[in-house]
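As structure tokens, the structure follows; a few thoughts come after it.
So you know, we letter chains A, B, ... as the sequences are listed, proteins then strands, and number each from 1. Since the structure is predicted, the reported quantities are computational estimates derived from the model, not experimental observations.
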Amino acid sequence: MKNKAVAEIFRQIGEILEIQGENPFRIRAYLRAAQSIESLNRDIAKLAAEEKLKEIPGIGKDLAEKIKEIVNTGKLKFYEQLRDSVPEGLTLLMSVPGIGPKSAKLLYEHLKIRNINDLEQQALAHQIRILPGFKEKTEENILRGIALIKKAKERMPLAVALATAEEFTDSLKKIKQVEQIEPAGSLRRRKETVRDIDILVSSRQPKKIMDTFTKLVQVKEILAQGPTKSSVLTKEGIQVDLRVVQPKSFGAALLYFTGCKEHNIKLRQMAAKKGVKINEYGLFKKNKWLAGKKEQDIYKLLKLNPIAPELREDQGELEAALKAQLPELLELTDIKGDLHLHSQWSDGAHSLGELVRAAKVKGYQYIAITDHSQSVRIAHGLSPERLKRQIAAIAKLNKKFKGIKILAGSEVDIKSDGSLDFPDRILKQLDLVIAAVHSGFKQSQEQLTQRITRAMENKYVNIIAHPSGRLLGQREPYALDMEAVLKQAKKTGTWMEISAFPDRLDLIDINCRRAKELGAQMAISTDSHLLSHLDYMYLGVSVARRGWLEKKDVANTLPLEKFLQAVKKKR
DNA sequence: GCCGTTTTCGGCCCGACTGTTTTCAGTCG
């Protein structure tokens with residue numbers, strides 16, 4: 001929780017310093033620190049208390065002191081003074097595409113423009129073209145920029161981005177001049193939310209590609225169109241950028257457009273130390289092209305093991321690649337079963353038989369039926385009597401279906417005091433128990449942490465489902481001492497669920513990585529309520545990969561017999 | 001402001017595009 005707050009303050013400081021025309025490297029230090037803290041998998045307050053802040057990349061003596069001040073007092077004097085020195089909202093001007101720190105400053109100093117409304121009015125009144133270096137075209141661009149932020153979506157969930165990207169790549173693949181095509185950017189890194197969609201194409205005839213792209217039916221508006229780069233807005237308000245390079249540069253360009261930015265910067269620094277240069281066209285010694293067709297070729301020349309896109313966040317992956325210590329990341333095909341499924345018995349849409357057949361098509365060795373427990377009334381939770389009947393029904397199905405084991409399970413509600421919705425004598429009859437919080441989200445961090453860690457002590461509880469409770473773009477995670485929960489997971493042998501459901505993706509990536517460090521295990525499940533939801537498993541795998549997880553870190557990669565043993569181990 | 005198998009001071013990724021300019025600054029990724 002605190003991490004986000006600290007990162008936000010540093011980001012604000014960076015932006016204000018930009019407007020003030022400070023040393024660009026000092027600005028970058030703040031912005032880099034912000035990013036570093038945001039993707040940290042430890043609680044910043046704890047690190048501060050342990051005097052370990054300087055271990056965070058990008059944090060030195062000065063910033064460590066500032067973090068301590070924020071953690072201890074809830075505010076930062078330096079920031080407050082800085083904030084008072086510029087009008088409120090001025091940094092917001094920079095959110096308009098085309099307006100950077102220099103323009104923002106100029107607009108304020110000459111025209112007293114201090115927010116986007118002012119900006120729009122002055123542009124409409126043709127007052128901006130009076131400024132030095134500004135003319136009609138700039139005015140038009142400002143108005144377009146404002147219209148764009150009004151229209152364009154904020155970040156969208158990964159699943160939406162992937163579907164949109166696929167629509168575009170499917171259309172573009174039909175052009176015969178397209179040699180290779182690949183979505184890049186944060187989408188390729190499988191970040192949980194994505195701002196815009198970057199697509200890279202290699203072709204010897206870029207113009208042909210651009211013409212087709214900007215005329216696709218999905219396109220509502222063309223934002224920019226050049227010979228090798230174009231941007232459009234879809235009907236849904238999603239920005240899609242297309243870039244075309246020569247086949248010789250496809251790998252170098254893919255590396256560059258995939259990012260993240262800090263990963264690229266560090267990579268280029270490493271290259272510079274070896275006396276070579278990397279840009280989006282390739283790796284060069286003097287002016288001689290040495291590599292660029294494939295990403296791996298470039299990593300190889302820098303003596304780095306190839307790095308999966310999901311790891312490229314400048315979180316130690318380059319250092320690990322140098323030492324050949326990268327994880328062997330989990331693959332979708334490693335998953336042997338789905339452990340969180342709802343049927344018609346509670347709030348799912350399909351019968352048990354339909355679920356089993358669909359799971360068989362997926363090639364799973366086992367699935368768990370985990371309908372809600374009695375307290376979750378809104379989801380038609382099962383009473384002990386109904387659960388008993390369901391267990392019998394599942395036993396019958398196991399006789400009927402060969403080649404797949406159906407586990408009788410339950411998603412048992414963790415009540416507000418940490419007790420479970422079913423007594424042990426009932427849980428005992430189940431093959432697999434998932435426990436989850438479904439109410440009382442407003443409890444204090446202490447209460448919630450205690451509630452969940454207490455549930456984990458129950459020997460029948462195998463998995464904690466969607467541990468943070470967040471819903472992307474809809475509900476913040478509840479207050480939880482995740483470090484304590486993950487330690488409890490290790491101690492009790494309880495698995496942490498990575499919910500592959502698109503709105504959840506919870507446990508989140510950075511906590512997966514921390515869980516692994518602490519020796520805890522995960523389980524990836526879809527929380528399906530419809531048959532089509534079974535397909536979401538790949539999203540959970542993406543989260544796991546971003547969390548550096550390997551096959552051995554995920555319980556449902558085990559083949560049936562070993563998995564059943566693992567389930568019983570806690571009892 | 002950070003950081004160090006060249007450095008505790010002097011570096012800090014690299015290029016495209018745009019609009020405004022006659023050679024470049026600002027912005028973006």
Side-chain angles (χ1 to χ4, degrees), chain A residues 10 13-15 17-19 21-36 53-67 78 82 93-107 128-129 131-142 144-145 148 184-189 194-200 206 223-231 239 241-245 249 252-284 298 302 314 318 322:
Chain A
F10 283 176
I13 291 175
E15 286 183 358
L17 293 177
E18 263 191 305
I19 290 179
E22 255 284 351
N23 173 2
F25 299 107
R26 187 178 173 213
I27 293 162
R28 216 179 81 191
Y30 276 101
L31 297 179
R32 178 166 181 242
Q35 206 216 330
S36 187
L53 290 172
K54 285 205 220 167
E55 290 173 17
I56 306 170
I59 306 296
K61 188 164 174 260
D62 185 272
L63 291 183
E65 285 306 313
K66 288 191 166 78
I67 293 169
F78 170 69
L82 200 63
L93 285 187
M94 292 198 294
S95 64
V96 177
I99 305 271
K102 295 288 192 313
S103 304
K105 192 181 181 196
L106 204 68
L107 289 163
I128 290 176
R129 60 182 66 171
L131 298 179
F134 289 65
K135 287 203 162 169
E136 297 106 36
K137 197 83 180 184
T138 342
E139 237 166 35
E140 277 170 35
N141 282 341
I142 286 172
R144 284 216 314 174
L148 185 63
S186 53
L187 175 82
R188 184 161 179 254
R189 303 201 308 280
V194 172
R195 186 175 298 283
D196 49 25
I197 293 169
D198 297 304
I199 298 173
L200 181 70
L223 298 173
Q225 184 171 10
T228 62
K229 176 191 163 187
S230 295
S231 290
Q239 186 176 330
D241 298 341
L242 179 72
R243 297 147 203 271
V244 185
V245 295
S249 298
L254 191 57
L255 190 61
Y256 169 60
F257 293 126
T258 298
C260 78
K261 194 175 172 180
E262 288 295 336
H263 177 93
N264 286 344
I265 290 176
K266 217 172 239 184
L267 198 65
R268 288 174 179 199
Q269 284 170 343
M270 292 170 98
K273 277 185 189 148
K274 289 187 186 294
V276 294
K277 185 179 76 173
I278 302 176
N279 58 27
E280 56 262 56
Y281 303 110
L283 185 147
F284 299 84
I298 293 174
L302 294 173
D314 187 29
L318 285 161
L322 198 57

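- Taking the ring-ring contact (aromatic ring centres under 6.0 Å, His included) definition, one finds that A:Tyr256 meets it with nothing, sequence neighbours left out.
- Comparing B:dT23 with B:dG29, their P atoms are spaced 29 Å from each other, to the whole Å.
- Shown here for A:Ile128 and A:Glu139, the closest heavy-atom pair between the two residues is N-OE2, 3.1 Å.
- The nearest heavy atom of DNA chain B to A:Gln225 and to A:Ile265 marks one nucleotide each, and the one closer to the 5' end goes with A:Ile265.
- With C1' as the reference atom, B:dT5 and B:dG1 are 24 Å apart, rounded to whole Å.
- The two atoms that bring A:Gly58 and A:Ala33 nearest to each other are O-CB, 4.0 Å, heavy atoms only.
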Notebook entry, point to check: Which letter, B, S or -, goes with each nucleotide of nucleotides 1-9 of chain B from 5' to 3', with contact meaning a protein heavy atom under 4.0 Å?
Noted result: BSS------

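- Residue A:Gly145 comes nearest to A:Pro97 through the heavy atom pair O-CD, 3.6 Å, listed as atom of the first residue, atom of the second, then distance.
- Side-chain contact check for A:Asn264 and A:Glu262: no donor-acceptor pair (N or O, by modelled atom type) lies under 3.5 Å.
- Straight-line distance between the P atoms of B:dC2 and B:dT6: roughly 23 Å, to the nearest whole Å.
- Straight-line distance between the P atoms of B:dC28 and B:dT20: roughly 16 Å, to the nearest whole Å.
- Remark: B:dC28 base-pairs with B:dG15. Criterion, Watson-Crick or G-U wobble with two distances under 3.5 Å.
- Here B:dC12 presents its P atom at 17 Å from CE of A:Met270, a figure rounded to the nearest Å.
- Put simply, A:Ser231 has no side-chain N or O that comes within less than 4.0 Å of OP1 or OP2 on B:dC17.
- Within 4.0 Å of A:Asn264, counting heavy atoms only, lies no atom of the nucleic acid at all.
- Rounded to a whole angstrom, the distance from the P atom of B:dC12 to that of B:dT7 is 16 Å.
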Notebook entry, point to check: Can you give one letter per nucleotide of nucleotides 19-29 of chain B, 5' to 3': B if a protein heavy atom sits under 4.0 Å from the base, S if only from the sugar-phosphate, - if neither?
Noted result: SSS----SSSB

Note to self: Determine whether A:Leu223 and A:Asp241 satisfy the following criterion, side-chain contact (heavy atoms from CB on, under 4.5 Å), listing intermediate values before the conclusion.
What the structure shows: CA-CA 9 Å; A:Leu223 298 173; A:Asp241 298 341; 5.9 Å; no

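- Atom CZ of A:Arg144 is separated from atom P of B:dT18 by 11 Å (rounded to the nearest Å).
- A donor-acceptor contact shorter than 3.5 Å is absent between the side chain of A:Arg268 and the backbone of A:Lys277.
- Remark: the separation of the P atoms in B:dG26 and B:dT21 is 13 Å, to the nearest Å.
- Straight-line distance from the CG atom of A:Leu318 to the C1' atom of B:dC13: 13 Å, rounded to whole Å.
- Looking at A:Thr138, its side chain does come within 3.5 Å of a backbone N or O of A:Lys135 through a donor-acceptor pair.
- For the pair A:Lys66 and A:Phe10, the cation-pi test (distance below 6.0 Å, angle within 45°) is failed.
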